[in-house]
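Here's the structure we're looking at; comments come further down.
Residue numbers start from 1 in every chain, and the chains themselves are labelled A, B, ... in the order their sequence lines are given, proteins ahead of strands.
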Amino acid sequence: MVGLQTSNKELRNLRSLIHEKMQHTYLEKYVNIPEIDDNKLFLLKEILDDTNLTRFQKDNYITTTMLVQMALDTHDLVPQTNSSVQTDTERKAKQLSVLAGDYYSGLYYLILSGIEDIELVHMLAAAIKEINECKMQLYYNKETSLHEFLTIINKIDSLLIMYVAEFVQEKEISYITGGWLLTQKLLEVKHNLEMGDSPSLFTFCSGKSDFADQLTNSEVINRLIMDNVAILKDALNNFPDRLTSLKADLMNRLNDQLTSSRIIVEEG
Amino acid sequence: MKLSKTYGYLKKELDTIEHALNNAIQADHTVLREASLQLLQAGGKRIRPVFVLLCGQLGDYNLDRVKTVAVSLELIHMATLVHDDVIDDASLRRGKSTTKQLYGNRVAMYTGDYILARALENITTIPDVNAHQELSKTIVQVVVGEIEQIKDKFDWDQNLRDYLRRIRRKTALLIATSCKLGAIVSGLSETEQKKLYQYGYYIGMSYQIIDDILDFTSSANELGKPAGNDLLQGNITLPVLFAMQDPAFKKLLMETFESPETVTDDEMSNVIKKLKTTDAIEKSYQISDHYLNKALYALSSIQNHKAKQTLVNIAKYIGKRRS
């Protein structure tokens, strides 16, 4: 994955904590459980580190939000048709992917009820509801423009974290969440493209360019990254003083990523 | 007599709940809304809302609070059904096309996730932490039960304990929780909450055992699916467990299901016929009756009330259910 240095000890500990909660031997035997998204984990940590919550609360907020994310991601693994499900193992994998997602959803409610944080259960449920509305939109609106398409996939990607940021009243970070995650996704697309892969997001983008026809597919992705980074940097520059350290961290990370991706963004 | 006759006087309250259920799933996306509504309109006994209502009426009854819980529990049940149809690759439920059949697996997954989210959004307007701890524990247990069911498929060596633990999670816990949540939001004492939970739990066990019996004793027409369908799917239920105590039957079963996907209708009919020659059905009814008696005993210390009498009548109805 393009992006963050995941060797950070705190992130590693959080990942272990989430894996520990998700642990289920039989599910793991059959289900191809998705990777924990380090970009989201990092943002969540940054959001919560800026609050006065206790470490215990922060860990539980991060764990439960990521459990919801894992639930949604696992359900995306369920094959659209059953014709691709032929063998007994494939059938079990499909069945258990449904149940694994349901299990992680149940765990999020269980953990938050355990710490008596019913309001966050409510907030995350509202996010899940909206994300599924967006997934339906994406599923049925094949003919949408590139801009609409990116807006929908970005909502699917970022709503959960935005809801948490708003819940803990970190409005500034909530505002950059979408831009940050979209940049990460586009950088990943660029990286995969350079490695010779053609990720689905790119396949879609290549046929939906809102830019001049003469641009190559690779140039479209580069342009999208540049435009997005310019907006993101602008938002980061408007961060309040109390977020100076986070701003510096995000800027550094972004600049490192852009350098390694050989992208030059004109400063606004 | 139909089960709904035993609580016919709750029609007005149940209509209010039906209306609230309808409102709860008014999604913005047309297909999501249609898929959710189609599921709702397919009907169902609404047995969980009935238990919430009745147990709620035993205390400081407030329809709004009770309605919130009843709607949420029914939504949770509905969400489970949509996902179950993906798991079972089922095309029909209650004689109507499933969400999976109409729109595909992906939409069924989104619909189930959406309905569960609506259930949680709705129930979290109730501030009582105990209610949430109880419900969340149950939701996790229900899923674990389904995982266990897949794990135990065609495992001929499982025992009575495995079966009882599975139906406890599959059916009994959500009914028990419906009763307890009705009691919690109506301010009943902890002892009363516990007794009503026990009532719901034992009723749920009995109900599922009878369902499992009916899978062999009812006709395909009555069931809306082939007789012995549970066994065909690899689910080893109580009648099969008892019948397997006869070595000849166990041998026949293992030979028939050596390659489950090739079992013919005639072979299945033969297995059912042989099962009925054993005392498995009778023994299964005895276990069901044992749970029913425990359910009635749990109610004995609850104060007299019309709602209590209805709970007794439901238990008796379930005990007599033969189709």
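- Interface remark: of the candidates Asp84(B), Leu135(B), Val144(B), Leu135(B) forms the most heavy-atom pairs closer than 4.5 Å to chain A.
- More than 12 heavy atoms of other residues, nucleotides or ligands shown are found within 6.0 angstrom of OH on Tyr26(A).
- Residue with the most contacts toward chain A among Ala79(B), Gly104(B), Pro127(B): Gly104(B) (heavy-atom pairs, distance under 4.5 Å).
- For an aromatic pair to be called close, the ring centres must be under 6.0 Å apart, and Tyr110(B) with His75(A) fails this.
- Side-chain contact between Ile139(B) and Leu110(A): absent, with no pair of heavy atoms (C-beta onward) separated by less than 4.5 Å.
- With contacts defined as side-chain heavy-atom distances shorter than 4.5 Å, the pair Met136(A)/Asp28(B) does not qualify.
- The number of heavy-atom neighbours closer than 6.0 Å to NZ of Lys155(A), taken from other residues, nucleotides and ligands shown, is 12 or below.
- Of the inter-residue distances, the one linking Leu96(A) atom CG with Glu146(B) atom CD reads 10.5 Å to the nearest 0.5 angstrom.
- Side-chain N or O atoms of Asn105(B) include one that pairs as donor or acceptor with a backbone N or O of Pro79(A) at under 3.5 Å.
- Per-residue counts of heavy-atom pairs under 4.5 Å with chain A were compared for Glu148(B), Glu134(B), Lys151(B); the largest is that of Lys151(B).
- Across Lys94(A) and Ile87(B), no two heavy atoms sit closer than the pair NZ-O, 3.9 Å.
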| task | Please report the C-alpha distance between Val98(A) and Met109(B) in whole Å, then the side-chain angles of each, then the deciding distance to 0.1 Å, and finally whether the side-chain contact (heavy atoms from CB on, under 4.5 Å) criterion is met. | result | CA-CA 8 Å; Val98(A) 177; Met109(B) 293 314 298; 3.7 Å; yes
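- Note that the CD atom of Glu133(A) and the NE2 atom of His29(B) stand 8.0 Å from one another [nearest 0.5 Å].
- Side chains of Tyr140(A) and Tyr103(B) form a contact here, defined as non-hydrogen atoms less than 4.5 Å apart.
- Gln95(A) is not listed as a side-chain neighbour of Gln149(B), based on a closest heavy-atom distance of 4.5 Å or more.
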| said: For a side-chain hydrogen bond (donor to acceptor under 3.5 Å, both in side chains) check, start with the C-alpha distance between His132(B) and Ser113(A), then their side-chain angles and the critical distance, and finish with the verdict. | reply: CA-CA 6 Å; His132(B) 295 291; Ser113(A) 301; 5.2 Å; no
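- For Glu28(A), the CD atom sits in a packed shell: over 12 heavy atoms of surrounding residues, nucleotides or ligands are nearer than 6.0 Å.
- Around NZ of Lys21(A), the count of heavy atoms belonging to other residues, nucleotides or ligands within 6.0 Å does not exceed 12.
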| Given the rule in the side-chain contact (heavy atoms from CB on, under 4.5 Å) test, do Leu116(B) and Ser105(A) qualify, once you have shown the distances and angles that lead to the verdict? | CA-CA 9 Å; Leu116(B) 179 64; Ser105(A) 287; 4.0 Å; yes
| message | Is there a side-chain contact (heavy atoms from CB on, under 4.5 Å) between Ile147(B) and Leu27(A)? Walk through the geometry before answering. | response | CA-CA 8 Å; Ile147(B) 296 168; Leu27(A) 290 178; 3.8 Å; yes
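- Interface remark: of the candidates Asp113(B), Asp88(B), Leu120(B), Asp113(B) forms the most heavy-atom pairs closer than 4.5 Å to chain A.
- For Glu258(B), the CD atom sits in a loose shell: 12 or fewer heavy atoms of surrounding residues, nucleotides or ligands are nearer than 6.0 Å.
- Ranked by heavy-atom pairs under 4.5 Å with chain A, the list Val86(B), Ile123(B), Thr138(B), Thr125(B) is led by Val86(B).
- Surrounding CD of Glu261(B) are more than 12 heavy atoms belonging to other residues, nucleotides or ligands, all under 6.0 Å away.
- Taking 4.5 Å as the limit, every side-chain heavy atom of Tyr30(A) sits out of range of all side-chain heavy atoms of Ile150(B).
- Across Ala117(B) and Lys129(A), no two heavy atoms sit closer than the pair CB-N, 3.8 Å.
- Both the backbone and the side chain of Asp76(A) come within contact range of chain B, judged by heavy atoms closer than 4.5 Å.
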| task | Quick one: do Gln133(B) and Glu116(A) satisfy side-chain contact (heavy atoms from CB on, under 4.5 Å)? Show the steps, please. | result | CA-CA 8 Å; Gln133(B) 289 175 345; Glu116(A) 304 189 2; 4.1 Å; yes
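- Applying the 6.0 Å contact sphere to CZ of Arg55(A) captures more than 12 heavy atoms from other residues, nucleotides or ligands.
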